[in-house]
Amino acid sequence: MIIEENTIKVGVFKGRKVVGGKARGEALVSKEPICFLGGIDVKTGRVTEVGHPLEGKNIAGKVLVFPTGKGSTGGSYLIFESVENGVGPCAMVNRAVEQVTAIGCIIAEIPMMDRVEPDPIELIKDGDLLEVDADAGTITIVKK
Amino acid sequence: MILTEQEQRMLDGKEGYPVQKAMQILVQLGEIYDAKRMIPVSKVHMPGSSVVVAGEAGTKLVEKMVTNGGYFKVPTTLNTGAVDLGQWKELGYPEETYKQQLRLTTAYEKLGGIACHTCTPYFIGEVPRLGEHIAWGESSAIAFVNSVLGARTNREGGPSALAAALTGVVPEYGYHLQENRYGQIHVKVEVPLKEAVDYGSLGYWVGKKAGSKVPVFTGIASNVTMDQLKMLSAALASSGSVALYHVVGVTPEAATLETAFGGREPGEVLTFDKSALAESEASLNKHQGQKVSIVVIGCPHASIEEIGVIAKELDGKHVAAGVELWVTAAQPVKAYAQRCGFEQTIVKAGGKIVIDTCPILSPMAYVASKKGMQALVTNSAKLAHYAPGQWAMPTYYGSLQRCLKAAVEGVF
């Protein structure tokens, strides 16, 4: 549901908790799936996959919004490593979570949600400030 | 989830910290995917066996399991590592990575891990049978074992495979259940696939479109080889997250098109023709140029047959000055190649058989910069996909013959 409030667009999305917890951060949105192996430099947080829509952007501290994971099963530990290195996302949002990403979020202990309505990939823009409350099953755009 | 008394004991910590932590991970995972119960697995193949993947965080987690008395309940093989543990120095790997890898490998061994360090365990005797429940990591091996052998695994990441090894169980969901093993997309192959590289191009093209769905192929000849299916598996799991596919008349769950789809209609029909093959090849040759620094064959790790072909092609020839040729394989396959005389021929031609590792899971950016490497050549769609993002290396992609020709001539 998107509502207009004092000329600032504020949205509340509802979805399913995959990994519990709360986080607040700017959104980084990809329309394409993400693989952490070869796709993201876990020492800096920079997206390195050639031709990826997020190539050159940085995931550090962001709420990473993307359809699902892909590729290497090494992704789980690399998500963990990026968070341990302080350059990981603060939360993740998927359309449908894939196992490698889910396990990465479990072990890294970052909030993760999927099956979110309305479609966050269409409606959330890069830079929107989000509050993710996976336990309550809500994502709120607090500032566009 | 409903747990057995024994599983509940594990979750309650009665079998110690490693088993409890493992069971917590598995229960959490089971809840995400609405699993009703745990099921036993007979084997685990461990992703996150390379320090490039496990990192310091993953290594510490594995070591914590060791210091708390953990031990694997089922046979557990280790995936590809970050260096060739024997010839790391001459290949140009940093000593630091060698030491970190030794630390991780040793920790897994203390838990009972089998340090084969290969992504093709099915080439060294790890051949689970039709319907066998296993917990495998390594995206290419998962697609191969589910599809070609008909064993049943989900896409296990490092921590979940570790948890499966420590408990001997996984939550029952996904590809363990028959209902999720039927085809979803019909792919009509309408171009003759001649070589392994063509199967990589096919997989790369389909993986992008299939995502995590189950493709069913028709139009693939019944004499398709294990090496060709290996390339198909690896590519499907690189551009997408395909964990299972069927080839009608070839793979065990696809005697007919109807069986493969479980009597249902395909959700989508794709046609892979001559122009799709050309489009896929072009998308993997992302860079323009001629000069070659390193040629890599064996992604995923080479079979003895593939090494035999390489030896035959290279017999009496020599790799160009300034070019390295790596054939990556499992250690037992290298020993086999030596017995057959293939390794001697490859070495005489200026190439090397590299074991335990591969350019994707090793610190190749370091090696490339140290040796001033400028471009990579490979017949693997998987490697051609990962190399540019992993170590910013211009990559050329072509058939085995074309790659070996490039090694000998020094240009692609």
Side-chain angles (χ1 to χ4, degrees), chain A residues 16-20 32-43 46-52 54-56 67-88 94-109 112-115 134, chain B residues 24-25 28-29 31-33 45-50 52-61 79-80 136-142 154-163 173-174 207-208 211-212 237-243 283 286-287 360-361 382 385-392 395:
Chain A
R16 180 180 74 135
K17 170 189 96 172
V18 172
V19 179
E32 295 292 323
I34 289 177
C35 174
F36 269 66
L37 180 80
I40 288 166
D41 178 349
V42 296
K43 287 193 172 69
R46 199 172 60 85
V47 179
T48 56
E49 183 179 333
V50 177
H52 194 279
L54 297 189
E55 186 182 352
T68 191
K70 67 169 180 180
S72 172
T73 50
S76 304
Y77 274 132
L78 288 164
I79 290 169
F80 186 29
E81 183 74 358
S82 74
V83 172
E84 292 289 305
N85 286 342
V87 297
N94 278 182
R95 278 199 185 114
V97 71
E98 172 277 328
Q99 187 179 356
V100 172
T101 312
I103 296 158
C105 294
I106 290 174
I107 204 80
E109 297 178 353
M112 161 61 157
M113 288 175 60
D114 77 347
R115 299 185 200 162
Chain B
Q24 284 170 353
I25 292 171
Q28 207 172 342
L29 194 57
E31 280 170 357
I32 293 168
Y33 292 99
H45 186 64
M46 188 68 71
S49 291
S50 159
V52 166
V53 166
E56 185 58 24
T59 304
K60 278 192 177 140
L61 179 72
N79 196 36
T80 310
W136 273 28
E138 168 52 43
S139 62
S140 70
I142 292 161
N154 285 319
R155 279 166 47 82
E156 301 297 349
S160 70
L162 183 65
Y173 71 94
K208 256 185 219 168
S212 61
S238 298
S239 57
S241 57
V242 173
S283 76
K286 283 176 182 147
H287 303 270
I360 296 174
L361 293 171
K382 175 172 179 166
H385 168 76
Y386 283 113
Q390 184 86 339
W391 35 300
T395 303

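So that the names make sense, note that chain A is the first sequence line, chain B the second, and so on, each numbered from 1.
- When side chains are defined from C-beta on, A:T73 does not count as touching B:W136, because their heavy atoms never get closer than 4.5 Å.
- By the 4.5 Å heavy-atom criterion applied to side chains, B:E56 and A:F80 are not counted as neighbours.
- A:E81 places no side-chain N or O within donor-acceptor distance of the main-chain N or O of B:G55, the cut-off being under 3.5 Å.
- Residue B:S239 touches chain A through its backbone alone, counting heavy-atom pairs closer than 4.5 Å.
- In this structure, CG on B:L361 lies 6.5 Å from OG on A:S72, to the nearest 0.5 angstrom.
- Without hydrogens or angle criteria, B:Y386 side chain to A:E49 main chain gives no donor-acceptor distance under 3.5 Å.
- Contacts between B:E156 and chain A at a heavy-atom distance below 4.5 Å involve backbone atoms as well as side-chain atoms.
- The candidate from A:V50, A:D41, A:T101, A:I106 with the greatest count of non-hydrogen atom pairs under 4.5 Å with chain B is A:I106.
- With rounding to the nearest 0.5 angstrom, the CZ atom of A:R16 is 7.0 Å from the CD1 atom of B:I32.
- Taken to the nearest 0.5 Å, the CG atom of A:L37 stands 7.0 Å off from the CD1 atom of B:I360.
- Taking every heavy atom of both residues into account, B:S139 and A:G71 meet most closely at CB-O, 3.7 Å.
- Among all heavy-atom pairs drawn from B:G48 and A:Y77, the shortest one is CA-CD1, 3.7 Å.
- Once rounded to the nearest 0.5 Å, the distance linking CD1 of B:I142 with CD of A:Q99 reads 8.0 Å.
- B:S160 touches chain A through backbone and side chain together, each having a heavy atom under 4.5 Å away.
- Both the backbone and the side chain of A:V97 come within contact range of chain B, each with at least one heavy atom under 4.5 Å from a heavy atom of that chain.
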